[in-house]
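By convention here, the first residue in the shown sequence is residue 1. Read the numbers this way: they start at 1 and go in the same order the structure lists the ligands and their atoms. The structure displayed is predicted, hence computed values, not measured ones.
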Amino acid sequence: MIFGGLLLAWATSPSDKVLVAHRGASAYRPEHTLVSYQLAIEQGADFVEQDLQITRDGKLVCLHDSTLERTTNVEEVFPDRFREEVLNGSIHRRWYVSDFTLAEVKQLDAGSWFDVRFAGERVPTFREAIELVKGKAGLYPETKSPEDYREMGLSMEALLVEDLKAFGLDRAEADPSTPVIVQSFSAESLKKLRNELQSDLPLVFLLSNREGAEWTGFEQLRRIAEFASGIGPAKGLIEVDPGLVERAHRAGLTVTPYTFRSSSVSEPYTSVAGEMEHFLYNFGVDAVFTDNPDLFPRNE
Ligand code: G3P
Ligand code: CA
């Protein structure tokens, strides 16, 4: 709970609230590209988020989806390498990251889908993300679909620790200029990090609108505090139950809701800055995930 404690300490004055750049500065740059991470740093992010997936040859890459077709041109480059899946009665073609080697993933354009100006951007490895961010901001990796990868014989948690270790960042507070917090929707993934891999990094348990509600009682929060230092609730969970923030703090947990974005401001707010301000200074959350790092209301 070392860094969790630090986060709570940061939150004692308005200027100490923590800004997590969600997929980089993803309102302005293609998500999970190095240009998106770079802009997030320039816009003052305390942490830059990386969602993690694993390639066929076992390399961690930064990508939100487990498939490549939404944010790359994989359909053009590898037109036959899809799997067909039936979803709601219709057939969909999916290009899974885990079916491609890193060398193949690196052939893909990860920028044009967002804007032609970013043509040629690549899917970064986690190591490339660390190299860019180290010394300038913190890292906030998320283990995505770890159970699916485990079924393939791959341990995302072990790969994560290995990559961090290569940069001397696998222990809490190893580099004060590059704090690391690991997040996951999977309690098992966080427990694996804490118990099996003996990681002392701060861990944040993500709570979705759908399944997270069953974790928001005080006793459940105390159970979370046995394996994590904070929660990352969907912001709707706080909107309908603002007392969640106080209960989580009482259980010793930091609170970092997601996701604040100018492209979808929730009612009754009229701007994403105003929405973040309300959560930070009225609801009392410690930090926020936002696509718009430049609009973070730091209130110096
Ligand atoms: O990790 C916080 C938030 O990013 C969770 O949602 O789907 O954007 O990874 P998602
Ligand atoms: Ca995420």
Nearest protein heavy-atom contact for [atom]: which residue, which atom, what distance?
atom: atom 8 (O) of ligand 1; result: Arg23 NH2, 2.7 Å
atom: atom 1 (O) of ligand 1; result: Gln183 OE1, 2.6 Å
atom: atom 4 (O) of ligand 1; result: His22 NE2, 2.7 Å
atom: atom 10 (P) of ligand 1; result: His64 NE2, 3.3 Å

side-chain contact (heavy atoms from CB on, under 4.5 Å), paired with Leu193, selected from Asp200, Val161, Leu201: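 Result for side-chain contact (heavy atoms from CB on, under 4.5 Å) with Leu193: Val161.
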message: Of all the N, O or S atoms in Glu142, which has the shortest distance to the Ca ion (ligand 2)?
response: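 In Glu142, the heteroatom (N, O or S) nearest the Ca ion (ligand 2) is OE1.
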message: Is there a side chain to side chain donor-acceptor pair (under 3.5 Å) between Tyr149 and Gln53? Walk through the geometry before answering.
response: CA-CA 9 Å; Tyr149 287 107; Gln53 306 288 343; 2.6 Å; yes
message: Check Glu188 with Arg150, please: is the shortest side-chain N to carboxylate O separation under 4.0 Å?
response: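 Salt bridge absent between Arg150 and Glu188.
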- prompt: Does the distance from a Lys or Arg side-chain N to an Asp or Glu carboxylate O, for Arg222 and Glu219, drop under 4.0 Å?
  reply: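 Salt bridge between Arg222 and Glu219, a charged N being under 4.0 Å from a carboxylate O: yes.
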task: Hey, can you tell me if Tyr269 and His278 have their rings parallel, tilted or perpendicular (30° and 60° cut-offs)?
output: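 Ring orientation of Tyr269 relative to His278: tilted.
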- request: Go through ligand 1 atom by atom and flag the ones less than 4.0 Å from a non-hydrogen atom of Lys144.
  value: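 Counting from 1, the qualifying ligand atoms are 7 (O), 9 (O), 10 (P).
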message: Return the CZ to CD distance between Phe289 and Gln183, rounded to the nearest 0.5 Å.
response: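 Phe289 atom CZ to Gln183 atom CD measures 4.0 Å (nearest 0.5 Å).
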query: In degrees, rounded to 10 degrees, what angle do Asp51 atom OD1 and Glu49 atom OE2 make at the Ca ion (ligand 2)?
result: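 Between OD1 of Asp51 and OE2 of Glu49, at the Ca ion (ligand 2), the angle is about 90°.
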